[in-house]
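Heads up, the thing below is written out as C-alpha coordinates.
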Amino acid sequence: MESSSTYGTHNAGGGASREPYRPSKGPRNADRVSFSDARKTNQAKRGYVRQVQPRTRTGESNDEYKKRISKRTYAEELRRRASMKSGATLAAIGIVVLVIAVAVGIGVFFASSNAKLSLGDSNAAGALTAAEEGQPFYVLCAAQLPGTSDGAAAGEGDTSGEGGDSDEGDNGNASEGDNASGEGDNAGEGGDNASADDQQGGEPAGEGEGGQAPEGENPEGEGGEGSDSADAGLKTDTAYLLVRVDPANKHLAFVTVPSSITLTLSDGQSHYLYEAAAVGGDAELIKSVESIADVKISQFASIKAEGLKSVAAKLGLDEATVPIAPAADQLNYKTLKQASDAQIAFMVAVLDKALGDESANLAGYLSELSADVQVSWDASGLLALGEAFTPFGEVTVTGSLVPGRMATENGRDAYIITDNAWQLMLDNIKNGRGPDSIDGGDQLDLSQISVTVRNGCRVDGQAGRMRDVLLETGFDVSSVGNVDDGALYKETFVIYHDEKYAIAAQVALADIGVGRSFDGGDFYSFDTDLLVIVGTDWVAPDGTGAQ
(Lines give C-alpha, C1' and ligand atoms only; values in the text may rest on other atoms or scores of the structure.)
Protein backbone atom coordinates (compact mmCIF):
# COMPACT_ATOMS: atom_id res chain seq x y z
CA MET A 1 0.00 0.00 0.00
CA GLU A 2 2.89 2.35 0.65
CA SER A 3 3.86 2.28 -3.01
CA SER A 4 0.39 2.57 -4.37
CA SER A 5 -0.11 5.50 -6.62
CA THR A 6 -3.75 5.89 -5.48
CA TYR A 7 -3.06 6.35 -1.76
CA GLY A 8 -4.99 9.28 -0.40
CA THR A 9 -7.16 9.69 -3.48
CA HIS A 10 -9.93 7.98 -5.38
CA ASN A 11 -8.98 9.49 -8.68
CA ALA A 12 -8.85 6.63 -11.10
CA GLY A 13 -6.45 8.51 -13.29
CA GLY A 14 -3.86 8.51 -10.58
CA GLY A 15 -2.09 11.55 -9.21
CA ALA A 16 1.05 12.68 -7.58
CA SER A 17 2.77 10.02 -5.54
CA ARG A 18 2.94 10.52 -1.81
CA GLU A 19 5.81 9.72 0.40
CA PRO A 20 4.86 7.06 2.95
CA TYR A 21 4.68 8.00 6.64
CA ARG A 22 7.84 7.39 8.46
CA PRO A 23 7.85 8.03 12.21
CA SER A 24 11.52 8.77 12.22
CA LYS A 25 10.91 11.84 10.19
CA GLY A 26 8.26 13.15 12.66
CA PRO A 27 4.69 14.13 12.11
CA ARG A 28 3.74 15.97 9.02
CA ASN A 29 3.19 19.72 9.40
CA ALA A 30 4.64 19.66 12.90
CA ASP A 31 6.82 22.59 11.98
CA ARG A 32 3.74 24.68 11.48
CA VAL A 33 2.58 24.36 15.09
CA SER A 34 3.76 27.09 17.40
CA PHE A 35 4.96 26.09 20.87
CA SER A 36 6.16 28.07 23.80
CA ASP A 37 9.82 27.08 23.44
CA ALA A 38 12.22 25.35 21.04
CA ARG A 39 12.40 22.15 23.08
CA LYS A 40 8.67 21.56 22.79
CA THR A 41 8.84 22.43 19.11
CA ASN A 42 11.54 19.78 18.57
CA GLN A 43 9.45 17.25 20.52
CA ALA A 44 6.46 17.98 18.35
CA LYS A 45 8.51 17.47 15.25
CA ARG A 46 9.56 14.11 16.58
CA GLY A 47 5.84 13.20 17.17
CA TYR A 48 5.91 13.45 20.96
CA VAL A 49 3.78 15.96 22.85
CA ARG A 50 3.34 15.51 26.59
CA GLN A 51 1.00 18.41 27.37
CA VAL A 52 -0.63 21.20 25.53
CA GLN A 53 -1.67 24.10 27.72
CA PRO A 54 -4.02 26.29 25.72
CA ARG A 55 -4.17 29.97 26.43
CA THR A 56 -7.79 30.72 27.19
CA ARG A 57 -9.71 33.61 28.69
CA THR A 58 -13.19 32.84 29.94
CA GLY A 59 -16.21 35.25 29.99
CA GLU A 60 -17.64 33.60 33.12
CA SER A 61 -18.72 36.01 35.88
CA ASN A 62 -17.99 35.48 39.54
CA ASP A 63 -21.65 34.60 40.29
CA GLU A 64 -21.70 32.10 37.47
CA TYR A 65 -18.44 30.66 38.69
CA LYS A 66 -19.82 30.26 42.23
CA LYS A 67 -22.92 28.57 40.89
CA ARG A 68 -20.85 26.24 38.75
CA ILE A 69 -18.54 25.11 41.48
CA SER A 70 -21.42 24.73 43.96
CA LYS A 71 -23.18 22.20 41.77
CA ARG A 72 -23.29 18.67 43.06
CA THR A 73 -21.00 16.17 41.48
CA TYR A 74 -22.54 13.30 39.60
CA ALA A 75 -22.03 10.97 42.56
CA GLU A 76 -23.56 13.50 44.93
CA GLU A 77 -26.58 13.92 42.64
CA LEU A 78 -27.09 10.16 42.54
CA ARG A 79 -27.00 9.98 46.33
CA ARG A 80 -29.45 12.92 46.59
CA ARG A 81 -31.91 11.32 44.21
CA ALA A 82 -31.68 8.03 46.04
CA SER A 83 -32.36 9.80 49.32
CA MET A 84 -35.36 11.65 47.87
CA LYS A 85 -36.76 8.45 46.44
CA SER A 86 -36.41 6.77 49.80
CA GLY A 87 -38.16 9.70 51.55
CA ALA A 88 -40.96 9.74 48.99
CA THR A 89 -41.43 6.02 49.44
CA LEU A 90 -41.69 6.42 53.20
CA ALA A 91 -44.16 9.30 52.81
CA ALA A 92 -46.25 7.26 50.37
CA ILE A 93 -46.24 4.36 52.80
CA GLY A 94 -47.32 6.72 55.57
CA ILE A 95 -50.16 8.11 53.46
CA VAL A 96 -51.30 4.61 52.52
CA VAL A 97 -51.23 3.58 56.17
CA LEU A 98 -53.24 6.70 57.10
CA VAL A 99 -55.77 6.11 54.33
CA ILE A 100 -56.13 2.49 55.39
CA ALA A 101 -56.59 3.55 59.01
CA VAL A 102 -59.23 6.13 58.05
CA ALA A 103 -60.95 3.65 55.75
CA VAL A 104 -60.95 1.03 58.46
CA GLY A 105 -62.32 3.59 60.94
CA ILE A 106 -65.05 4.67 58.53
CA GLY A 107 -65.79 1.06 57.70
CA VAL A 108 -66.06 0.19 61.38
CA PHE A 109 -68.29 3.25 61.94
CA PHE A 110 -70.66 2.37 59.12
CA ALA A 111 -70.62 -1.32 59.91
CA SER A 112 -71.36 -0.61 63.56
CA SER A 113 -74.02 2.00 62.75
CA ASN A 114 -75.65 -0.18 60.10
CA ALA A 115 -75.76 -3.11 62.50
CA LYS A 116 -77.46 -0.97 65.14
CA LEU A 117 -79.81 0.75 62.69
CA SER A 118 -80.84 -2.46 60.98
CA LEU A 119 -84.46 -3.58 61.17
CA GLY A 120 -83.21 -7.06 61.98
CA ASP A 121 -85.63 -9.79 60.98
CA SER A 122 -88.33 -7.31 59.94
CA ASN A 123 -89.99 -8.06 56.59
CA ALA A 124 -90.47 -4.34 55.86
CA ALA A 125 -88.03 -4.35 52.93
CA GLY A 126 -90.34 -6.56 50.89
CA ALA A 127 -93.12 -3.95 51.03
CA LEU A 128 -91.06 -0.83 50.31
CA THR A 129 -91.03 0.84 46.90
CA ALA A 130 -87.80 2.47 45.73
CA ALA A 131 -88.09 6.23 45.38
CA GLU A 132 -87.44 7.91 42.05
CA GLU A 133 -84.19 9.84 42.09
CA GLY A 134 -84.69 13.51 42.83
CA GLN A 135 -88.39 13.05 43.59
CA PRO A 136 -90.26 13.34 46.93
CA PHE A 137 -90.83 10.06 48.75
CA TYR A 138 -92.77 8.76 51.75
CA VAL A 139 -91.50 7.39 55.04
CA LEU A 140 -93.56 5.53 57.64
CA CYS A 141 -92.41 6.01 61.24
CA ALA A 142 -93.82 3.66 63.87
CA ALA A 143 -93.36 4.47 67.55
CA GLN A 144 -94.34 2.84 70.79
CA LEU A 145 -95.39 5.61 73.15
CA PRO A 146 -94.83 5.76 76.90
CA GLY A 147 -98.06 5.55 78.90
CA THR A 148 -99.66 8.50 80.64
CA SER A 149 -97.98 9.41 83.91
CA ASP A 150 -99.67 9.97 87.24
CA GLY A 151 -103.05 9.20 85.72
CA ALA A 152 -102.95 12.40 83.63
CA ALA A 153 -104.40 11.79 80.22
CA ALA A 154 -103.08 13.36 77.08
CA GLY A 155 -105.34 16.21 76.14
CA GLU A 156 -106.62 16.56 79.68
CA GLY A 157 -108.19 19.89 80.31
CA ASP A 158 -110.98 19.77 77.75
CA THR A 159 -113.24 21.42 80.30
CA SER A 160 -110.79 24.17 81.11
CA GLY A 161 -110.87 27.67 79.77
CA GLU A 162 -113.07 30.61 80.11
CA GLY A 163 -116.66 30.48 79.09
CA GLY A 164 -119.48 31.51 81.34
CA ASP A 165 -123.18 31.52 80.86
CA SER A 166 -124.29 33.26 77.76
CA ASP A 167 -127.04 35.84 77.96
CA GLU A 168 -128.01 35.16 74.39
CA GLY A 169 -131.17 33.34 75.48
CA ASP A 170 -130.67 30.82 72.72
CA ASN A 171 -132.91 28.08 74.09
CA GLY A 172 -136.05 29.88 73.11
CA ASN A 173 -136.15 32.69 70.66
CA ALA A 174 -133.17 33.19 68.39
CA SER A 175 -130.65 35.56 69.94
CA GLU A 176 -129.69 38.94 68.60
CA GLY A 177 -132.83 39.08 66.53
CA ASP A 178 -131.77 36.08 64.44
CA ASN A 179 -134.62 33.99 63.19
CA ALA A 180 -133.71 30.33 63.46
CA SER A 181 -136.33 29.50 60.91
CA GLY A 182 -134.89 27.99 57.80
CA GLU A 183 -131.56 27.30 59.49
CA GLY A 184 -132.46 23.87 60.75
CA ASP A 185 -133.08 20.45 59.29
CA ASN A 186 -135.40 20.83 56.37
CA ALA A 187 -135.01 17.37 54.96
CA GLY A 188 -136.01 16.24 51.52
CA GLU A 189 -136.91 17.95 48.31
CA GLY A 190 -140.56 17.97 49.23
CA GLY A 191 -139.80 20.22 52.17
CA ASP A 192 -140.91 17.71 54.81
CA ASN A 193 -139.57 18.79 58.13
CA ALA A 194 -137.99 15.69 59.63
CA SER A 195 -137.36 15.93 63.35
CA ALA A 196 -134.10 14.94 65.01
CA ASP A 197 -135.98 12.32 67.05
CA ASP A 198 -137.31 10.72 63.89
CA GLN A 199 -133.86 10.71 62.38
CA GLN A 200 -131.97 9.59 65.48
CA GLY A 201 -129.55 12.45 65.79
CA GLY A 202 -130.71 14.94 63.21
CA GLU A 203 -129.33 13.31 60.08
CA PRO A 204 -131.49 12.18 57.16
CA ALA A 205 -132.63 8.62 57.64
CA GLY A 206 -132.21 7.38 54.13
CA GLU A 207 -133.05 8.02 50.53
CA GLY A 208 -136.75 7.60 51.07
CA GLU A 209 -136.68 10.51 53.54
CA GLY A 210 -134.78 12.87 51.32
CA GLY A 211 -131.38 11.26 50.86
CA GLN A 212 -128.77 8.95 52.25
CA ALA A 213 -126.88 9.55 55.49
CA PRO A 214 -123.60 11.30 54.69
CA GLU A 215 -120.46 9.28 54.10
CA GLY A 216 -122.29 5.98 54.42
CA GLU A 217 -122.27 6.22 58.21
CA ASN A 218 -124.86 4.83 60.52
CA PRO A 219 -127.45 7.61 60.87
CA GLU A 220 -128.09 6.55 64.43
CA GLY A 221 -125.11 8.67 65.36
CA GLU A 222 -124.20 6.44 68.30
CA GLY A 223 -120.79 6.44 69.82
CA GLY A 224 -119.83 9.92 68.70
CA GLU A 225 -116.81 11.68 70.06
CA GLY A 226 -116.90 11.92 73.80
CA SER A 227 -119.06 8.82 74.06
CA ASP A 228 -118.88 6.85 77.28
CA SER A 229 -118.84 3.61 75.32
CA ALA A 230 -115.09 3.72 74.67
CA ASP A 231 -113.63 0.24 74.26
CA ALA A 232 -111.69 -0.58 77.41
CA GLY A 233 -109.40 -2.84 75.38
CA LEU A 234 -108.45 -0.22 72.78
CA LYS A 235 -104.69 0.32 72.74
CA THR A 236 -103.37 3.82 72.31
CA ASP A 237 -99.62 3.34 72.85
CA THR A 238 -98.78 3.02 69.14
CA ALA A 239 -98.29 6.02 66.89
CA TYR A 240 -97.78 6.19 63.14
CA LEU A 241 -96.36 9.18 61.28
CA LEU A 242 -96.45 9.23 57.50
CA VAL A 243 -93.87 11.73 56.23
CA ARG A 244 -93.56 13.18 52.75
CA VAL A 245 -89.87 13.98 52.29
CA ASP A 246 -88.94 16.48 49.59
CA PRO A 247 -85.16 17.13 49.74
CA ALA A 248 -85.12 19.29 46.60
CA ASN A 249 -87.52 21.82 48.13
CA LYS A 250 -86.49 21.19 51.76
CA HIS A 251 -90.06 20.33 52.75
CA LEU A 252 -91.29 17.82 55.31
CA ALA A 253 -95.01 17.07 55.62
CA PHE A 254 -96.00 15.00 58.68
CA VAL A 255 -99.37 13.22 58.80
CA THR A 256 -100.45 11.33 61.91
CA VAL A 257 -102.38 8.17 61.05
CA PRO A 258 -104.48 7.07 64.06
CA SER A 259 -103.72 3.51 65.09
CA SER A 260 -107.40 2.91 65.93
CA ILE A 261 -108.48 3.03 62.28
CA THR A 262 -110.07 -0.29 61.33
CA LEU A 263 -109.49 -2.12 58.05
CA THR A 264 -109.50 -5.62 56.60
CA LEU A 265 -106.07 -7.24 56.70
CA SER A 266 -104.53 -10.14 54.78
CA ASP A 267 -106.26 -12.71 56.96
CA GLY A 268 -109.62 -11.45 55.70
CA GLN A 269 -110.63 -10.14 59.14
CA SER A 270 -111.27 -6.59 60.35
CA HIS A 271 -108.54 -5.30 62.64
CA TYR A 272 -107.26 -2.10 64.17
CA LEU A 273 -104.30 -0.66 62.30
CA TYR A 274 -102.02 -1.30 65.28
CA GLU A 275 -102.74 -5.03 64.92
CA ALA A 276 -101.36 -5.17 61.35
CA ALA A 277 -97.79 -5.99 62.42
CA ALA A 278 -99.02 -8.93 64.49
CA VAL A 279 -100.93 -10.28 61.49
CA GLY A 280 -98.29 -9.91 58.77
CA GLY A 281 -95.28 -8.13 60.19
CA ASP A 282 -94.07 -4.67 59.27
CA ALA A 283 -94.85 -5.38 55.62
CA GLU A 284 -98.54 -5.71 56.50
CA LEU A 285 -98.42 -2.42 58.39
CA ILE A 286 -96.77 -0.63 55.47
CA LYS A 287 -99.30 -1.96 52.96
CA SER A 288 -102.16 -0.98 55.28
CA VAL A 289 -100.98 2.63 55.57
CA GLU A 290 -100.45 2.72 51.81
CA SER A 291 -104.06 1.71 51.31
CA ILE A 292 -105.25 4.44 53.68
CA ALA A 293 -103.13 7.22 52.14
CA ASP A 294 -103.00 5.99 48.53
CA VAL A 295 -99.22 6.45 48.33
CA LYS A 296 -96.17 4.22 47.98
CA ILE A 297 -93.85 4.07 50.98
CA SER A 298 -90.10 3.98 50.33
CA GLN A 299 -88.58 3.90 53.82
CA PHE A 300 -89.56 2.60 57.25
CA ALA A 301 -88.41 3.45 60.78
CA SER A 302 -89.44 2.22 64.19
CA ILE A 303 -88.63 3.16 67.77
CA LYS A 304 -89.74 1.90 71.16
CA ALA A 305 -90.84 3.90 74.18
CA GLU A 306 -87.46 3.63 75.91
CA GLY A 307 -85.83 4.72 72.65
CA LEU A 308 -87.87 7.92 72.61
CA LYS A 309 -86.74 8.74 76.13
CA SER A 310 -83.14 7.87 75.32
CA VAL A 311 -83.12 10.11 72.23
CA ALA A 312 -84.48 13.01 74.27
CA ALA A 313 -81.84 12.50 76.96
CA LYS A 314 -78.94 12.22 74.50
CA LEU A 315 -79.97 15.37 72.65
CA GLY A 316 -80.60 17.32 75.84
CA LEU A 317 -84.32 17.71 75.22
CA ASP A 318 -86.76 18.18 78.08
CA GLU A 319 -88.36 14.88 79.03
CA ALA A 320 -91.73 16.64 78.83
CA THR A 321 -91.29 16.83 75.05
CA VAL A 322 -91.51 13.04 74.74
CA PRO A 323 -95.02 12.25 73.43
CA ILE A 324 -97.20 9.98 75.55
CA ALA A 325 -100.14 7.75 74.77
CA PRO A 326 -103.58 9.36 75.14
CA ALA A 327 -105.98 7.77 77.59
CA ALA A 328 -108.28 5.23 75.92
CA ASP A 329 -111.36 6.48 77.77
CA GLN A 330 -110.84 10.05 76.54
CA LEU A 331 -110.30 9.41 72.85
CA ASN A 332 -111.88 11.89 70.47
CA TYR A 333 -110.67 14.00 67.61
CA LYS A 334 -109.49 16.77 69.90
CA THR A 335 -107.34 14.56 72.15
CA LEU A 336 -105.98 12.71 69.13
CA LYS A 337 -105.10 16.03 67.48
CA GLN A 338 -103.29 17.12 70.63
CA ALA A 339 -101.38 13.82 70.68
CA SER A 340 -100.56 14.26 66.98
CA ASP A 341 -99.23 17.77 67.56
CA ALA A 342 -97.02 16.48 70.39
CA GLN A 343 -95.59 13.68 68.25
CA ILE A 344 -94.80 15.99 65.35
CA ALA A 345 -93.32 18.62 67.69
CA PHE A 346 -90.97 15.98 69.15
CA MET A 347 -89.80 14.93 65.68
CA VAL A 348 -89.16 18.54 64.74
CA ALA A 349 -87.23 19.15 67.98
CA VAL A 350 -85.02 16.11 67.32
CA LEU A 351 -84.32 17.14 63.73
CA ASP A 352 -83.63 20.73 64.73
CA LYS A 353 -81.14 19.56 67.34
CA ALA A 354 -79.35 17.21 64.94
CA LEU A 355 -79.51 19.38 61.81
CA GLY A 356 -79.71 22.82 63.33
CA ASP A 357 -76.73 24.32 61.52
CA GLU A 358 -74.07 23.43 59.00
CA SER A 359 -71.56 22.70 61.76
CA ALA A 360 -73.76 19.94 63.19
CA ASN A 361 -71.89 16.68 63.72
CA LEU A 362 -74.20 14.39 61.76
CA ALA A 363 -71.95 11.37 62.02
CA GLY A 364 -71.63 11.87 65.77
CA TYR A 365 -75.38 12.12 66.27
CA LEU A 366 -75.94 9.11 64.04
CA SER A 367 -73.49 7.03 66.00
CA GLU A 368 -75.01 8.15 69.28
CA LEU A 369 -78.63 7.57 68.31
CA SER A 370 -78.24 4.46 66.17
CA ALA A 371 -78.91 2.17 69.12
CA ASP A 372 -82.32 3.77 69.75
CA VAL A 373 -83.97 3.66 66.34
CA GLN A 374 -84.18 1.03 63.61
CA VAL A 375 -84.51 2.13 59.99
CA SER A 376 -84.48 0.73 56.46
CA TRP A 377 -81.73 3.21 55.45
CA ASP A 378 -78.05 2.49 55.84
CA ALA A 379 -75.82 4.97 57.63
CA SER A 380 -74.51 6.59 54.44
CA GLY A 381 -78.06 7.13 53.19
CA LEU A 382 -79.07 8.79 56.44
CA LEU A 383 -76.02 11.07 56.37
CA ALA A 384 -76.80 12.12 52.80
CA LEU A 385 -80.41 12.83 53.74
CA GLY A 386 -79.32 14.79 56.79
CA GLU A 387 -77.00 16.95 54.71
CA ALA A 388 -79.88 17.70 52.32
CA PHE A 389 -81.91 19.15 55.20
CA THR A 390 -79.10 21.10 56.85
CA PRO A 391 -79.46 23.77 58.15
CA PHE A 392 -82.84 22.76 59.49
CA GLY A 393 -83.93 26.36 59.95
CA GLU A 394 -84.43 26.58 56.18
CA VAL A 395 -86.78 23.58 56.07
CA THR A 396 -90.55 24.00 55.68
CA VAL A 397 -92.46 21.70 58.05
CA THR A 398 -96.21 21.04 58.05
CA GLY A 399 -98.20 18.71 60.29
CA SER A 400 -101.69 17.30 60.27
CA LEU A 401 -103.91 14.48 61.49
CA VAL A 402 -105.99 12.28 59.22
CA PRO A 403 -109.40 13.96 59.52
CA GLY A 404 -112.10 11.87 61.18
CA ARG A 405 -113.81 11.08 64.47
CA MET A 406 -114.10 8.39 67.11
CA ALA A 407 -117.29 6.35 66.82
CA THR A 408 -118.67 2.97 67.73
CA GLU A 409 -118.54 0.61 64.76
CA ASN A 410 -119.55 -3.05 64.90
CA GLY A 411 -119.69 -2.89 68.67
CA ARG A 412 -116.27 -1.34 69.24
CA ASP A 413 -114.77 2.13 69.22
CA ALA A 414 -112.81 3.05 66.11
CA TYR A 415 -111.51 6.08 64.27
CA ILE A 416 -113.71 6.81 61.24
CA ILE A 417 -112.02 8.82 58.48
CA THR A 418 -113.90 11.79 57.04
CA ASP A 419 -113.39 10.88 53.40
CA ASN A 420 -114.00 14.26 51.79
CA ALA A 421 -111.66 16.16 54.07
CA TRP A 422 -109.05 13.41 53.85
CA GLN A 423 -109.03 13.39 50.05
CA LEU A 424 -108.68 17.17 49.99
CA MET A 425 -105.83 17.02 52.50
CA LEU A 426 -104.10 14.23 50.57
CA ASP A 427 -104.29 16.18 47.35
CA ASN A 428 -102.63 19.15 49.05
CA ILE A 429 -99.88 17.02 50.59
CA LYS A 430 -99.09 15.09 47.40
CA ASN A 431 -98.70 18.36 45.52
CA GLY A 432 -96.39 19.92 48.10
CA ARG A 433 -98.97 22.32 49.51
CA GLY A 434 -99.96 22.85 53.12
CA PRO A 435 -102.48 20.25 54.32
CA ASP A 436 -105.06 22.97 55.04
CA SER A 437 -104.83 24.72 51.67
CA ILE A 438 -108.10 25.64 49.99
CA ASP A 439 -108.52 25.19 46.23
CA GLY A 440 -104.81 24.54 45.92
CA GLY A 441 -104.11 28.12 46.90
CA ASP A 442 -103.39 29.92 50.12
CA GLN A 443 -103.46 28.33 53.53
CA LEU A 444 -106.73 28.24 55.38
CA ASP A 445 -107.64 31.66 56.82
CA LEU A 446 -110.18 30.99 59.57
CA SER A 447 -111.13 34.65 59.77
CA GLN A 448 -112.61 34.25 56.29
CA ILE A 449 -114.71 31.21 57.23
CA SER A 450 -118.24 32.26 58.25
CA VAL A 451 -120.14 30.07 60.71
CA THR A 452 -123.75 29.73 61.83
CA VAL A 453 -124.29 28.16 65.27
CA ARG A 454 -127.57 26.56 66.28
CA ASN A 455 -128.51 25.11 69.66
CA GLY A 456 -129.93 21.61 69.35
CA CYS A 457 -129.26 20.33 72.88
CA ARG A 458 -131.92 22.30 74.82
CA VAL A 459 -129.32 23.63 77.28
CA ASP A 460 -129.63 27.37 77.75
CA GLY A 461 -126.68 29.37 76.44
CA GLN A 462 -124.85 26.49 74.71
CA ALA A 463 -124.91 28.11 71.27
CA GLY A 464 -123.36 31.26 72.75
CA ARG A 465 -120.69 29.22 74.48
CA MET A 466 -119.97 27.40 71.23
CA ARG A 467 -119.71 30.77 69.49
CA ASP A 468 -117.07 31.87 72.03
CA VAL A 469 -115.01 28.73 71.39
CA LEU A 470 -115.10 29.21 67.64
CA LEU A 471 -114.33 32.93 67.88
CA GLU A 472 -111.31 32.19 70.01
CA THR A 473 -110.09 29.77 67.36
CA GLY A 474 -110.43 32.47 64.73
CA PHE A 475 -113.67 31.68 62.90
CA ASP A 476 -116.11 34.40 61.87
CA VAL A 477 -119.32 33.47 63.71
CA SER A 478 -122.04 35.53 62.07
CA SER A 479 -125.22 33.96 63.45
CA VAL A 480 -126.28 32.30 66.72
CA GLY A 481 -129.67 30.80 67.50
CA ASN A 482 -131.75 27.63 67.93
CA VAL A 483 -132.69 24.87 65.54
CA ASP A 484 -136.09 25.60 64.05
CA ASP A 485 -137.54 22.11 64.47
CA GLY A 486 -137.33 22.05 68.27
CA ALA A 487 -135.78 18.57 68.11
CA LEU A 488 -133.15 17.21 70.49
CA TYR A 489 -129.80 16.51 68.81
CA LYS A 490 -127.77 13.82 70.51
CA GLU A 491 -124.64 14.56 68.51
CA THR A 492 -122.88 17.77 67.52
CA PHE A 493 -122.62 18.39 63.78
CA VAL A 494 -120.29 20.59 61.72
CA ILE A 495 -121.87 20.82 58.28
CA TYR A 496 -120.65 22.26 54.98
CA HIS A 497 -122.06 22.46 51.45
CA ASP A 498 -118.90 23.13 49.44
CA GLU A 499 -116.18 20.47 49.39
CA LYS A 500 -113.47 23.09 49.76
CA TYR A 501 -114.66 23.77 53.32
CA ALA A 502 -114.24 20.14 54.41
CA ILE A 503 -110.92 20.88 56.11
CA ALA A 504 -112.31 24.04 57.73
CA ALA A 505 -115.09 21.89 59.19
CA GLN A 506 -112.46 19.48 60.50
CA VAL A 507 -110.58 22.32 62.16
CA ALA A 508 -113.78 23.46 63.87
CA LEU A 509 -114.41 19.89 64.97
CA ALA A 510 -110.97 19.75 66.52
CA ASP A 511 -111.82 22.69 68.78
CA ILE A 512 -115.28 21.44 69.59
CA GLY A 513 -113.85 18.06 70.55
CA VAL A 514 -116.94 15.95 69.82
CA GLY A 515 -119.35 15.21 67.02
CA ARG A 516 -118.66 14.86 63.33
CA SER A 517 -118.39 16.84 60.12
CA PHE A 518 -119.98 16.07 56.76
CA ASP A 519 -121.38 17.51 53.56
CA GLY A 520 -124.95 18.50 54.32
CA GLY A 521 -126.08 18.37 50.73
CA ASP A 522 -129.73 19.44 50.45
CA PHE A 523 -130.64 18.42 53.99
CA TYR A 524 -129.52 21.58 55.76
CA SER A 525 -130.14 25.18 54.77
CA PHE A 526 -127.70 27.92 55.77
CA ASP A 527 -126.03 30.86 54.08
CA THR A 528 -122.60 30.70 55.74
CA ASP A 529 -119.63 28.47 54.97
CA LEU A 530 -120.30 26.20 57.96
CA LEU A 531 -123.26 25.29 60.14
CA VAL A 532 -122.62 24.03 63.68
CA ILE A 533 -125.51 22.30 65.49
CA VAL A 534 -124.74 21.86 69.19
CA GLY A 535 -125.68 18.40 70.45
CA THR A 536 -126.05 16.95 73.93
CA ASP A 537 -122.62 15.35 73.63
CA TRP A 538 -120.82 18.70 73.81
CA VAL A 539 -119.51 20.05 77.11
CA ALA A 540 -118.68 23.76 77.20
CA PRO A 541 -115.35 24.93 78.68
CA ASP A 542 -117.14 25.94 81.88
CA GLY A 543 -118.55 22.41 82.26
CA THR A 544 -122.08 23.27 81.13
CA GLY A 545 -123.73 20.43 79.32
CA ALA A 546 -122.11 17.61 81.29
CA GLN A 547 -124.45 14.69 81.73
Side-chain angles (χ1 to χ4, degrees), residues 148-176 180 196 201-202 221-232 236 324 326-339 341-342 405-408 413 446 451-475 477 479-483 486-494 505-517 530-547:
T148 55
S149 59
D150 301 327
E156 190 173 1
D158 290 353
T159 60
S160 65
E162 297 182 7
D165 293 334
S166 171
D167 58 0
E168 303 291 343
D170 54 346
N171 191 39
N173 297 328
S175 65
E176 301 178 343
E222 296 177 1
E225 296 182 69
S227 169
D228 292 332
S229 61
D231 188 343
T236 64
I324 59 176
D329 61 351
Q330 295 187 21
L331 284 186
N332 54 51
Y333 182 84
K334 186 171 185 177
T335 57
L336 287 173
K337 183 65 167 61
Q338 291 171 338
D341 291 344
R405 65 190 182 91
M406 289 299 299
T408 300
D413 278 2
L446 297 183
V451 183
T452 295
V453 179
R454 291 291 175 257
N455 188 347
C457 67
R458 299 179 184 173
V459 177
D460 290 343
Q462 283 296 77
R465 298 182 185 95
M466 178 68 78
R467 177 205 58 194
D468 294 341
V469 169
L470 295 174
L471 284 174
E472 185 176 352
T473 303
F475 287 98
V477 182
S479 177
V480 178
N482 297 307
V483 295
L488 178 65
Y489 286 78
K490 299 178 181 178
E491 189 175 11
T492 297
F493 295 149
V494 180
Q506 202 67 33
V507 172
L509 197 64
D511 290 307
I512 294 170
V514 295
R516 59 175 130 170
S517 66
L530 300 178
L531 168 65
V532 176
I533 299 179
V534 184
T536 59
D537 59 344
W538 185 66
V539 179
D542 64 353
T544 304
Q547 299 180 16

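Sequential numbering from 1 along the given sequence is applied to the chain's residues. Atoms considered below: every heavy atom in the structure, side chains included; atoms not considered: hydrogens, waters and symmetry mates.
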Worksheet entry | Derivation and outcome, side-chain contact (heavy atoms from CB on, under 4.5 Å), residues V532 and W538 | CA-CA 12 Å; V532 176; W538 185 66; over 6 Å; no

Worksheet, complete the sentence: Heavy-atom closest pair (V453 atom, A463 atom, distance to 0.1 Å) is CG1-O, 3.6 Å

Fill in: Interatomic distance, I533 atom CD1 to R454 atom CZ [nearest 0.5 angstrom]
9.5 Å

Worksheet item: Within the distance-only criterion (no hydrogens, no angle test), does the side chain of T492 pair as donor or acceptor with the backbone N or O of V514 below 3.5 angstrom?
Response: no

Practice prompt. Locate the shortest heavy-atom distance separating L488 from C457; write the atom from each residue and the value.
Written response: CD1-O, 3.6 Å

Worksheet entry | Single hit among D511, V507, L509, L470 for side-chain contact (heavy atoms from CB on, under 4.5 Å) with V494 | L509

Worksheet item: Quick one: CG on D537 to NZ on K490, what's the gap to the nearest 0.5 Å?
Response: 11.5 Å

Discussion item. To the closest 0.5 Å, what do you measure between CG (L530) and CZ (F493)?
Written reply: 15.0 Å

Worksheet item: Taking only residues two or more places apart in sequence, or in another chain, which ones meet D341 in a salt bridge (charged side-chain N to carboxylate O under 4.0 Å, His left out)?
Response: K337

Worksheet item: Between M406 and L336, is any pair of side-chain heavy atoms under 4.5 Å apart?
Response: yes

Worksheet entry | Donor-acceptor contact below 3.5 Å, side chain Q462 vs main chain T544 | yes

Item to complete: State whether a side-chain donor-acceptor pair under 3.5 Å links R405 with S517.
Response: no

Worksheet item: For the atom pair CG (N332) and CD (Q338), what is the distance rounded to the nearest 0.5 Å?
Response: 8.0 Å

Item to complete: Indicate the atoms forming the closest heavy-atom contact of R465 with A540, along with that distance.
Response: CD-CB, 3.5 Å

Worksheet item: Run the side-chain contact (heavy atoms from CB on, under 4.5 Å) check on L331 and T236 step by step: do they pass?
Response: CA-CA 9 Å; L331 284 186; T236 64; 3.7 Å; yes

